There are 2 protein chains.
Amino acid sequence: MSDDLDISTARSAAESPDALLPLGSELQHSLNFQIRMAQILSYRQFEKKQPGYGGAARFLGLLSIIKNNPGAPQHRLAEAVGLQRSSVVPILDRMESEGIVERRDVEGDRRAKAVYLTGKGDQVVAELSDSALQMERYMTAGLSPEQIRVMVEGLSQIVENLRKL
Amino acid sequence: MSDDLDISTARSAAESPDALLPLGSELQHSLNFQIRMAQILSYRQFEKKQPGYGGAARFLGLLSIIKNNPGAPQHRLAEAVGLQRSSVVPILDRMESEGIVERRDVEGDRRAKAVYLTGKGDQVVAELSDSALQMERYMTAGLSPEQIRVMVEGLSQIVENLRKL
DNA sequence: GTCAGATTGATTGATGTCGAACTATTCGAT
DNA sequence: ATCGAATAGTTCGACATCAATCAATCTGAC
């Protein structure tokens with residue numbers, strides 16, 4: 001009485017050697033874990049899909065913010081994307097050497113640098129945005145528009161909550 | 001006709017110098033961007049809240065999977081958490097030196113190592129899981145249980161979709 | 001006006017992760 | 001039984017990010 005055995009959970013790692021290791025239900029229902037997994041896999045995939053431009057794909061968020069806030073100083077860009085001031089420096093170095101962004105001196109504050117998207121930067125952002133949209137369509141296969149809306153709003157709320165710490 | 005001006009988007013960076021840089025609506029509604037932001041901020045916060053154990057906080061997911069799959073080989077653990085085989089090596093080195101996990105030889109395959117949680121590891125996982133649960137409660141302030149459920153399921157679906165690539 | 005403290009961007013050292021090797025094993029076709 | 005291909009874990013070099021620190025500049029209290 002054990003060959004045609006029970007339904008869902010029984011199929012342990014030993015029995016189906018090719019399947020993914022099962023997550024405990026704790027992990028399966030952990031928002032943090034699922035967020036992390038989604039982030040890791042989606043960014044890996046996106047960078048694989050859009051190489052070049054000095055790895056700009058990973059920084060589409062940053063570039064998009066620069067486009068929307070021309071002339072913003074670096075520390076505010078860092079804050080906006082959740083990185084340290086010091087981490088943004090080599091990123092902008094790279095983007096600048098790729099001709100995607102430009103640092104200009106600020107009149108009235110000689111410490112600061114104002115960051116702008118170049119013409120090429122505009123093109124790159126447009127291309128990457130397109131690609132990102134495709135990517136999102138693939139990622140969200142099987143989800144309703146309403147469900148996606150709820151997720152985006154929920155994540156946005158979570159980000160807001162975390163920023164207050 | 002311009003002092004008491006329009007509602008939502010008008011308040012540009014120049015006018016409210018302390019506020020966060022505004023995201024374009026494209027970014028605001030980008031699932032990828034929101035996932036990334038949530039992940040960055042939540043893991044940073046969690047590690048700040050739970051330092052020690054050789055940075056185990058960041059690897060709670062991995063440890064939890066080890067607990068649920070005692071004796072699994074390293075490459076399957078890597079796959080389960082979305083990392084490269086080679087990235088898991090130094091993590092396990094660290095966790096092993098902290099006495100949290102243990103690598104044992106596998107009889108029947110002298111290449112493989114079977115990974116187990118130690119007694120101390122069990123305690124650490126329990127403590128970190130507790131802390132993670134608290135963290136999630138804080139993160140999700142303002143979200144309904146139903147909304148959280150939809151998000152977890154949606155993210156889970158997204159992870160599944162991305163794994164197929 | 002001056003000077004202590006804050007702020008901006010940059011630099012440095014440590015660690016995490018990746019991708020491409022490499023070594024030791026195991027597997028499979030013959 | 002043998003040997004080429006696949007596999008498990010590791011090592012190595014490159015880069016991202018952080019935290020702490022630095023130099024230049026700005027601000028505000030006096």
Side-chain angles (χ1 to χ4, degrees), chain A residues 17-18 21 36-37 39-41 43-48 51-62 66 71-98 101-115, chain B residues 17-18 21 36-37 39-48 51-62 71-98 101-115:
Chain A
D18 303 331
L21 253 25
R36 183 172 176 82
M37 290 303 298
Q39 199 270 326
I40 289 175
L41 296 178
Y43 271 78
R44 167 139 60 260
Q45 196 53 39
F46 189 42
E47 288 184 19
K48 194 171 298 177
Y53 303 128
R58 154 180 248 142
F59 309 122
L60 174 56
L62 174 61
I66 293 172
Q74 298 182 190
H75 75 279
R76 311 218 46 205
L77 296 174
E79 178 189 34
V81 294
L83 296 181
Q84 301 300 120
R85 263 174 1 298
S86 60
S87 303
V88 171
V89 172
I91 295 172
L92 291 180
D93 286 348
R94 193 118 204 231
M95 294 300 110
E96 201 168 21
S97 80
E98 295 276 339
V101 306
E102 196 182 351
R103 280 187 260 220
R104 297 189 208 147
D105 287 340
V106 170
E107 57 172 335
D109 190 340
R110 275 181 300 177
R111 295 169 303 180
K113 305 277 178 72
V115 182
Chain B
D18 303 331
L21 253 25
R36 182 171 175 83
M37 290 303 298
Q39 199 270 328
I40 290 175
L41 296 178
S42 79
Y43 272 78
R44 167 138 63 258
Q45 196 53 39
F46 189 41
E47 288 184 20
K48 195 171 298 177
Y53 303 128
R58 155 180 246 144
F59 309 122
L60 174 55
L62 174 61
Q74 298 181 190
H75 75 279
R76 311 217 48 208
L77 296 174
E79 177 189 35
V81 295
L83 295 182
Q84 302 299 121
R85 273 175 302 145
S86 60
S87 304
V88 170
V89 173
I91 296 172
L92 290 180
D93 286 348
R94 192 116 203 232
M95 294 300 112
E96 201 168 22
S97 79
E98 295 275 339
V101 306
E102 196 182 349
R103 280 187 261 219
R104 297 190 208 147
D105 286 342
V106 171
E107 58 173 334
D109 190 341
R110 275 181 300 177
R111 293 170 303 181
K113 307 277 179 71
V115 182

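Proteins come first, then strands; the chains are lettered A, B, ... in the order of their sequence lines, and each starts at number 1. Just so it is clear, the model here is predicted, and its values are computed rather than measured.
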Interatomic distance where [atom1] belongs to [X] and [atom2] belongs to [N] [whole Å]:
{"X": "B/Q84", "N": "C/dA21", "atom1": "CD", "atom2": "P", "result": "14 Å"}
{"X": "B/E79", "N": "D/dT7", "atom1": "CD", "atom2": "P", "result": "12 Å"}
{"X": "B/L83", "N": "C/dT15", "atom1": "CG", "atom2": "C1'", "result": "15 Å"}
{"X": "A/E47", "N": "D/dA14", "atom1": "CD", "atom2": "P", "result": "19 Å"}
{"X": "A/K48", "N": "C/dG19", "atom1": "NZ", "atom2": "C1'", "result": "11 Å"}
{"X": "B/I91", "N": "C/dG16", "atom1": "CD1", "atom2": "P", "result": "8 Å"}
{"X": "A/M37", "N": "C/dT17", "atom1": "CE", "atom2": "C1'", "result": "15 Å"}
{"X": "B/L41", "N": "D/dT17", "atom1": "CG", "atom2": "P", "result": "14 Å"}

Is [X] near enough to [N] that one of its side-chain N or O atoms lies under 4.0 angstrom from OP1 or OP2?
{"X": "A/R58", "N": "D/dT17", "value": "yes"}
{"X": "B/R110", "N": "C/dT23", "value": "no"}
{"X": "B/R44", "N": "D/dT17", "value": "no"}

Quiz item: Do B/S42 and B/Q45 have side-chain heavy atoms sitting under 4.5 Å apart?
Solution: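 They are not in side-chain contact.
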
Quiz item: So do the side chains of B/D93 and B/R103 get within less than 4.5 Å of each other, counting heavy atoms only?
Solution: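 B/D93 vs B/R103: side chains touch.
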
Practice problem: Answer yes or no for A/R58 and A/Y43: cation-pi contact, defined as NZ/CZ to six-membered ring centre under 6.0 Å and angle to ring axis within 45°. | Solution: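 The answer is no, since A/R58 fails at least one limit relative to A/Y43.
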
Quiz item: For nucleotides 7-14 of chain C, read 5' to 3', which letter fits each nucleotide if B means a protein heavy atom sits under 4.0 Å from the base, S means only the sugar-phosphate is that close, and - means neither?
Solution: BBBBB---

Quiz prompt | Interatomic distance, A/H75 atom NE2 to A/S86 atom OG [nearest 0.5 angstrom] | solution =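 With rounding to 0.5 Å, NE2 (A/H75) is 14.0 Å from OG (A/S86).
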
Quiz item: Do the charged groups of A/D105 and A/R111 touch, with an N to O distance under 4.0 Å?
Solution: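 Salt bridge absent between A/D105 and A/R111.
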
Quiz item: Residues in side-chain contact (heavy atoms from CB on, under 4.5 Å) with B/E102, at least two apart?
Solution: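 B/R104, B/T118.
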
Practice problem: Applying side-chain contact (heavy atoms from CB on, under 4.5 Å), name anything that partners A/V88, two or more places apart in sequence or on another chain. | Solution: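 Scan of A/V88 (side-chain contact (heavy atoms from CB on, under 4.5 Å), adjacent residues dropped) gives A/A78, A/L83, A/L92.
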
